[in-house]
Amino acid sequence: MSDAAPRDFIRQIIHDDLETGKHDTIVTRFPPEPNGYLHVGHVMSICLNFGVAAETGGHTFLRFDDTNPGKEDQEYVNAIESDVRWLGFDWEDRLTHASDYFDGLYAAAEKLVEKGLAYVDSLSAEEIREYRGTLTEPGKDSPYRGRQVEENLDLLRRMRDGEFGDGEHVLRAKIDMSSPNMNLRDPALYRIRHITHQRTGDTWCIYPMYDFAHTLSDAFEAITHSLCTLEFEDHRPLYDWLLDQVRPANRPRQIEFSRLNLAYTITSKRKLGALIDAGVVSGWDDPRMPTIAGMRRRGYSAAALRDFVARAGVTKKDKLIEMGMLENSVRESFGDSAERRMAVLKPLKVVVTNYPEKQIEMMRAMNHPNDANMGTREVPFSRELWIEQDDFMIDAPRKFFRLKPNGEVRLRSAYIIRCDEFVTDSNGTVVELHCTYDPDTRSGTGSSDRKVKGTIHWVSAEHAVDAEVRLYDRLFTEVNPNTADDPNSLLNPNSLESVAAKLEPTLADLAVGEAVQFERLGYFSPDVVDDSASSRVFNRIVTLRDSWAKIEKQAMQGQN
RNA sequence: UGGGGCGUAGCCAAGUGGUAAGGCAACGGGUUUUGAUCCCGUGAUUCGCAGGUUCGAUCCCUGCCGCCCCAGCCA
């Protein structure tokens, strides 16, 4: 799709490093903490990390940053692996965990202590916070900062051996309590946590902090470029300090880029979880969720997601990207490949009064209007049909090209019909149309070549397959619900609409995982979770562009 | 009011000391048995603002303004 995309600043750096011979092979890593589901924001990071390596013949590690047991879970590692694989990336045998390096990490910690660059602090968490100072005031040295190497080493080993309770001590780097960079005010390196780790069990009761574990894990894996988001920019001096002091064999370089935020959606794991807890969505894979699992269930293709982030680009500027951009990528990914079908979402009965009572004709319909190679299928036509309620109006505006009293319209792949009369119920709602068809206008073979302005879709009532079809809209009413304290107060009450639809017969056996276009309505796919052969459930992946809807909307606004 | 980043069209985004690519959206028009697709066309006298250097500045310098991030024993 966007192949000729210009090099972004990170690819430029990598290109230069290859050119100058600084590196022969590029090694990157995607390092999620397995404490939640991956979302659109992660797609950017995944595509960047796996992308730059693949483009240069390098390779990428999928590394689980599992340094905080208790918050992490195997459910999440399974989900993350399947999401990354589904997106189209392969880590081959490079699936690692920060916990794989606990021994090496601990050895590095002792080394820092021996060099007098780390000490055991026995202040409480609260005291440490007080000693740290504020953004505008420098911090103060802890009274334990002057402990001798021997004592520190002894304490650290006893921490490791389980002699102390949680929070009694912490290992800190000895850097600079008055640094304007908070990350350099003697950051914690190890804390005590008597908790069973999902992989290392009870082997350890001290666990390394992010900065320490992440920097050294990068080095141990010989990562050349450690790509992360902007909020870690302030951590880079610490990252480099650690590399300077520990002097591992490899020296990775951290480079930061901006996160990708999507308009009208949230990506905070906590807030996403709150949606589930409040019951507004059914789970992490609800088709309205911005999680990879949700988007996949909704029917988005991996190619669409990859294209989307490629178009968004890699920069350092904060992004809040419009939904339309994503939807465009999704539509484009199906436009040429999805077969066309007919389905009626909100059915209105049409009786073709001059069509013989028991007659059925098989109409030949193209699977794709722009590609004859995709073949044709047969669709039954009979006296009683379903059409879309929106395709009929009693008092239609001039520009309404669909059915109206005494008006004509073409039934796609079939005949031209004329609306002779409409039947209403006691509320005045139109419940049935009586029409007549023109036998000379049969699609493809008709002897008449007359044209009508509008073409609508339809399904034979007798042959229709019943299905539940779920229509989705944005979850929130605010452009940037991320910044709201309680996004749940900004919910769009109409984010999900379920309709009892009528499908053309071929749709009875459309396989799960397949996407088709319901003509004039959008792209749809069976729901992986709720669909079954006996009761079909479809999701609308995305609508088609709809210029009529736009005209209507403008007309409405004009009246107000 | 400390430190670190970022500011090019409604949303993304190239670009460079020599006169502002592209995509999405929007708006016109053409084709069309999907108001889809496709095709064609329309946008910045201007690059956050103000000064300065220069023959010439979005690009270099100075000042200002705005937005984001940092005070976890989270990542």
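Convention: sequence-line order gives letters A, B, ...; per-chain numbering from 1.
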Trainee: If the C1' atom of B:G28 is compared with that of B:G35, how far apart are they to the nearest Å?
Mentor: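 Comparing C1' positions in B:G28 and B:G35 gives a spacing of 16 Å.
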Trainee: Between A:R29 and A:H214, do the side chains contain a donor N or O and an acceptor N or O under 3.5 Å apart?
Mentor: yes
Trainee: Tabulated below should be each protein N or O lying under 3.5 Å from an N or O of nucleotides 3-7 of chain B; please produce it.
Mentor:
unit_1	atom_1	unit_2	atom_2	d
B:G3	N2	A:D234	OD2	2.6
B:G4	O2'	A:D234	OD1	3.4
B:G5	O2'	A:E233	OE1	3.3

Trainee: In whole Å, I'd like the distance from the CG atom of A:L411 to the P atom of B:U34.
Mentor: 13 Å
Trainee: Could you give the distance separating B:C69 and B:C61 at their C1' atoms, to the nearest angstrom?
Mentor: 28 Å
Trainee: Name the nucleic acid region contacted by A:F9, choosing base, sugar-phosphate or nothing; use a 4.0 angstrom heavy-atom cut-off, strictly under.
Mentor: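 The answer is nothing, as A:F9 stays clear of every strand by at least 4.0 Å.
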Trainee: When the distance from CD1 of A:I456 to C1' of B:U33 is rounded to whole Å, what number comes out?
Mentor: 12 Å
Trainee: May I ask you to evaluate whether A:R331 reaches the phosphate of B:U37, defined as a side-chain N or O under 4.0 Å from OP1 or OP2?
Mentor: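 Looking at the OP1 and OP2 atoms of B:U37, neither is under 4.0 Å from any side-chain N or O of A:R331.
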Trainee: Determine the contact category for A:T134: base if any of its heavy atoms lies under 4.0 Å from a base atom, sugar-phosphate if only primed atoms, P, OP1 or OP2 are that close, otherwise nothing.
Mentor: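 Base, at least one base heavy atom under 4.0 Å.
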Trainee: Rounded to the nearest angstrom, tell me the gap between atom CG in A:L326 and atom P in B:A25.
Mentor: 12 Å
Trainee: Specify the separation, in whole Å, of atom CG of A:N367 and atom C1' of B:A36.
Mentor: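 Interatomic distance, CG of A:N367 to C1' of B:A36: 16 Å.
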Trainee: State the syn/anti category of B:G23 according to its glycosidic angle, syn meaning within 90° of 0.
Mentor: anti
Trainee: Measure distances between side-chain N and O atoms of A:R545 and base N and O atoms of B:G35, and say whether any donor-acceptor pair falls under 3.5 Å.
Mentor: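 There is none.
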Trainee: Between A:K319 and A:R520, name the one whose nearest nucleotide on RNA chain B is closer to the 5' end.
Mentor: A:K319
Trainee: Describe the nucleic acid contact of A:L544 in one word from base, sugar-phosphate, nothing, applying a heavy-atom distance below 4.0 Å.
Mentor: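 Contact class for A:L544: base.
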Trainee: Using the C1' atom on both, measure B:U58 against B:G4 and round to a whole Å.
Mentor: 24 Å
Trainee: With C1' as the reference atom in both, quote the distance from B:C11 to B:A26 in angstrom, rounded to an integer.
Mentor: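 Pairwise C1' distance, B:C11 against B:A26, rounds to 12 Å.
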Trainee: Using a 3.5 Å distance criterion without hydrogens, assess whether the side chain of A:Y190 forms a donor-acceptor pair with backbone atoms of A:M159.
Mentor: no
Trainee: In whole Å, what separates the P atom of B:A13 from that of B:G48?
Mentor: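 Rounded to whole Å, the distance is 14 Å.
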Trainee: Just name whichever nucleotide pairs with B:G10, Watson-Crick or G-U, keeping both distances under 3.5 Å, else none.
Mentor: B:C24
Trainee: Starting from P on B:G22, measure out to CG on A:D307 and report it in whole angstrom.
Mentor: 18 Å
Trainee: Between A:F381 and A:Y415, is the ring centroid distance below 6.0 Å?
Mentor: yes
Trainee: Examine the base of B:U33 for any acceptor or donor lying under 3.5 Å from a partner atom in the side chain of A:R410, and report the outcome as yes or no.
Mentor: yes
Trainee: Is there a Watson-Crick or G-U wobble partner for B:C49 with both distances under 3.5 Å, and if so, which one is it?
Mentor: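 Per the H-bond distance test, B:G63.
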Trainee: Quick one: on RNA chain B, does A:G335 or A:E137 contact a more 5' nucleotide (nearest heavy atom)?
Mentor: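 That would be A:E137.
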Trainee: Could you give the distance separating B:A21 and B:G43 at their C1' atoms, to the nearest angstrom?
Mentor: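 Nearest-Å result for B:G43 against B:A21 at atom C1': 14 Å.
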Trainee: Begin with the C-alpha distance, continue with both residues' side-chain angles, and end with the deciding distance and a verdict on ring-ring contact (aromatic ring centres under 6.0 Å, His included) for A:F401 and A:W548.
Mentor: CA-CA 10 Å; A:F401 303 151; A:W548 171 247; 7.2 Å; no
Trainee: With both distances under 3.5 angstrom, what nucleotide forms a Watson-Crick or G-U wobble pair with B:A36?
Mentor: none
Trainee: Taking the cut-offs as 6.0 angstrom to the six-membered ring centre and 45 degrees off its axis, would you call A:R474 and A:Y264 a cation-pi pair?
Mentor: yes
Trainee: Consider the side chain of A:Q517, meaning its heavy atoms from C-beta on, and name the nucleotide among B:A71, B:U34, B:C11 that approaches it most closely.
Mentor: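 Out of B:A71, B:U34, B:C11, the nucleotide with an atom closest to A:Q517's side chain is B:U34.
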Trainee: For the P atoms, the ones on B:G5 and on B:C60, what distance do you get once it is rounded to whole angstrom?
Mentor: 16 Å
Trainee: Can you tell me if A:R520 and A:T455 form a side-chain donor-acceptor pair at under 3.5 Å?
Mentor: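 No - no donor-acceptor pair under 3.5 Å links their side chains.
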Trainee: Quick one: does any side-chain atom of A:H368 pair with a main-chain N or O of A:E339 as donor and acceptor, under 3.5 Å?
Mentor: no
Trainee: Just by distance, no angles: are the side chains of A:S99 and A:T200 close enough, under 3.5 Å, to form a donor-acceptor pair?
Mentor: no
Trainee: Remember a base hit wins even if backbone is also touched, and classify A:K399 as base, sugar-phosphate or nothing at under 4.0 Å, heavy atoms.
Mentor: base
Trainee: Is there a side-chain contact between A:T315 and the phosphate of B:A13, meaning an N or O under 4.0 Å from OP1 or OP2?
Mentor: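 It does, given that an N or O in the side chain of A:T315 lies less than 4.0 Å from OP1 or OP2 of B:A13.
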Trainee: Nucleotides 73-75 of chain B: which of its N/O atoms have a protein N/O under 3.5 Å away?
Mentor:
unit_1	atom_1	unit_2	atom_2	d
B:C73	OP1	A:R132	NH2	3.2
B:C73	OP2	A:R132	NH1	3.2
B:C73	N4	A:L123	O	2.9
B:C73	N4	A:A125	N	3.1
B:C73	N4	A:G167	O	3.1
B:C74	OP1	A:R193	NH2	3.2
B:C74	OP2	A:R191	NE	2.9
B:C74	OP2	A:R191	NH2	2.8
B:C74	OP2	A:R193	NH2	2.5
B:C74	O3'	A:R191	NH2	3.1
B:C74	O2'	A:N68	ND2	2.8
B:A75	OP1	A:T67	OG1	2.7
B:A75	OP1	A:R191	NH1	3.4
B:A75	OP1	A:R191	NH2	3.0
B:A75	OP2	A:Y210	N	2.8
B:A75	O3'	A:D65	OD2	3.4
B:A75	N6	A:H235	NE2	3.3

Trainee: A:E519 and side chain to side chain donor-acceptor pair (under 3.5 Å): which partner among A:R340, A:H457, A:R341, A:R412?
Mentor: A:R412
Trainee: Can the ring centroids of A:Y210 and A:F232 be said to lie less than 6.0 angstrom from one another?
Mentor: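 Between A:F232 and A:Y210, which both carry aromatic rings, the centre distance is below 6.0 Å.
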Trainee: Please confirm whether A:F518 and A:F538 have ring centers closer than 6.0 angstrom.
Mentor: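 Yes, the ring centres sit under 6.0 Å apart.
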Trainee: Round to the nearest Å and state the distance from A:E327 atom CD to B:C12 atom P.
Mentor: 16 Å
Trainee: For A:E256 and B:C68, what is the distance between atoms CD and C1' respectively, to the nearest whole Å?
Mentor: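 So the two atoms are 14 Å apart, to the nearest Å.
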Trainee: Under 30°, 30 to 60°, or over 60°: which ring-plane class applies to A:Y37 and A:W284, parallel, tilted or perpendicular?
Mentor: parallel
Trainee: For B:G72, what is the paired nucleotide under Watson-Crick or G-U wobble rules, both distances under 3.5 Å?
Mentor: none
Trainee: Is there a donor and acceptor pair closer than 3.5 Å between the side chain of A:S413 and the base of B:U33?
Mentor: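 Answer is no: no donor-acceptor pair is held.
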Trainee: Could you tell me how far B:C47 sits from B:A36 if I compare only their P atoms? Round to whole Å.
Mentor: 37 Å
Trainee: What integer distance in Å separates A:H368:NE2 from B:U33:C1'?
Mentor: 14 Å
